[in-house]
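Here is the structure we will look at.
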Amino acid sequence: QVQLVESGGELVQAGGSLRLSCAASGRTFSYSGMGWFRQAPGKEREFVATITWSGGSTAYADSVKGRFTISRDNPKNTMYLQMNDLKPDDTAVYYCAARRGGSASTFPSSYDAWGQGTQVTVSS
């Protein structure tokens, strides 16, 4: 099993930037497809971004496309989410997730390991 720990969430003003990190241990990180999801109060968990094991392919939710960038550093067992031009609607708990197999996926049910989440709050 892989263990995931997110960090980097904080309170930021609209228009600002944050970089989230997801540190992995356990199962070989470099063979895992990875993703970022978020959950706002009263809403279901939603897909944000995903990346293949090599980092060669990524996908984004329409709501973050052009503003967020997912990346990974396999030697460091770490994945990142660079978030620019943040909006109040981006306020949520952000979760990183890992899946067996190296492909990317937009479906939460395809991931078998989750972090505890990090809070991102964007003030207007």
Side-chain angles (χ1 to χ4, degrees):
Q1 183 71 323
V2 63
Q3 290 76 46
L4 304 171
V5 179
E6 303 95 335
S7 61
E10 63 181 70
L11 173 64
V12 64
Q13 287 190 331
S17 298
L18 283 177
R19 188 175 80 157
L20 305 184
S21 298
C22 173
S25 61
R27 184 176 80 211
T28 305
F29 170 79
S30 58
Y31 298 152
S32 299
M34 301 289 294
W36 286 99
F37 294 80
R38 67 186 182 186
Q39 187 166 18
K43 296 186 177 181
E44 294 188 355
R45 190 169 299 189
E46 65 173 2
F47 164 73
V48 175
T50 183
I51 189 168
T52 56
W53 70 273
S54 67
S57 181
T58 59
Y60 298 90
D62 287 344
S63 59
V64 307
K65 202 171 295 183
R67 300 187 297 122
F68 291 11
T69 302
I70 188 173
S71 62
R72 63 191 297 163
D73 186 336
N74 286 345
K76 293 184 178 180
N77 287 349
T78 303
M79 177 178 67
Y80 304 98
L81 184 68
Q82 177 67 43
M83 306 187 294
N84 298 328
D85 189 22
L86 282 160
K87 306 177 186 303
D89 284 349
D90 295 320
T91 295
V93 177
Y94 283 71
Y95 299 90
C96 69
R99 60 190 305 271
R100 297 186 181 275
S103 60
S105 175
T106 65
F107 299 101
S109 60
S110 69
Y111 291 83
D112 66 331
W114 293 82
Q116 82 290 346
T118 186
Q119 176 71 49
V120 172
T121 303
V122 184
S123 63
S124 57

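Only this structure's heavy atoms are used, side chains among them; waters, hydrogens and symmetry mates stay out.
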Might you point out which heavy atoms bring [X] and [Y] nearest each other, and give the distance in Å?
X	Y	value
A14	S124	CB-CA, 4.3 Å
Y94	L20	CB-CD1, 3.6 Å
G35	M79	O-CE, 3.5 Å
E10	L18	CG-CD2, 3.3 Å
S105	F37	O-CZ, 4.4 Å
Y95	Q116	CE2-O, 3.6 Å

Answer yes or no: is there a side-chain heavy-atom contact under 4.5 Å between [X] and [Y]?
X	Y	value
S7	T118	no
M83	R67	no
S21	K76	no

Would you compute the distance between atom [atom1] of [X] and atom [atom2] of [Y] and round it to the nearest 0.5 angstrom?
X	Y	atom1	atom2	answer
T50	W36	OG1	CH2	12.0 Å
S32	W53	OG	CH2	11.5 Å
S30	D73	OG	CG	11.0 Å
Y80	M34	OH	CE	11.5 Å
Q13	S123	CD	OG	5.0 Å
Y60	T106	OH	OG1	14.0 Å

Does the pair N74 and R72 meet the rule for a side-chain contact (heavy atoms from CB on, under 4.5 Å), with working shown? CA-CA 6 Å; N74 286 345; R72 63 191 297 163; 2.8 Å; yes
Do R38 and V64 pass the side-chain contact (heavy atoms from CB on, under 4.5 Å) test, and can you show the C-alpha distance, the side-chain angles, and the key distance before you say yes or no? CA-CA 12 Å; R38 67 186 182 186; V64 307; 3.9 Å; yes
Pairs touching residues 100-118 that satisfy salt bridge (Lys or Arg N to Asp or Glu O under 4.0 Å), sequence neighbours left out: R27-D112, R100-D112
Residue pairs passing the salt bridge (Lys or Arg N to Asp or Glu O under 4.0 Å) test where at least one lies in residues 115-124, sequence neighbours excluded: none
Any side-chain donor near an acceptor of the partner, Y111 and R99, under 3.5 Å: no
Same apolar cluster (I L V M F W Y, side chains within < 4.5 Å links), V93/F47: yes
Quick check on the hydrophobic clustering: are W114 and L81 connected, directly or via other members, by side-chain heavy-atom contacts under 4.5 Å? no
Considering only NZ, NE, NH1 and NH2 on the basic side and carboxylate oxygens on the acidic side, decide whether K87 and D90 come within less than 4.0 Å. no
Are the side chain of T69 and the backbone of Q82 linked by a donor-acceptor contact shorter than 3.5 Å? no
Carefully, step by step, assess Q119 and T91 under the rule side-chain contact (heavy atoms from CB on, under 4.5 Å). CA-CA 8 Å; Q119 176 71 49; T91 295; 4.1 Å; yes
Answer yes or no: are there more than 12 heavy-atom neighbours, outside K65 itself, under 6.0 Å from its atom NZ? yes
Excluding sequence neighbours, so at least two apart, what forms side-chain contact (heavy atoms from CB on, under 4.5 Å) with A113? Q1, V2, L4, A98
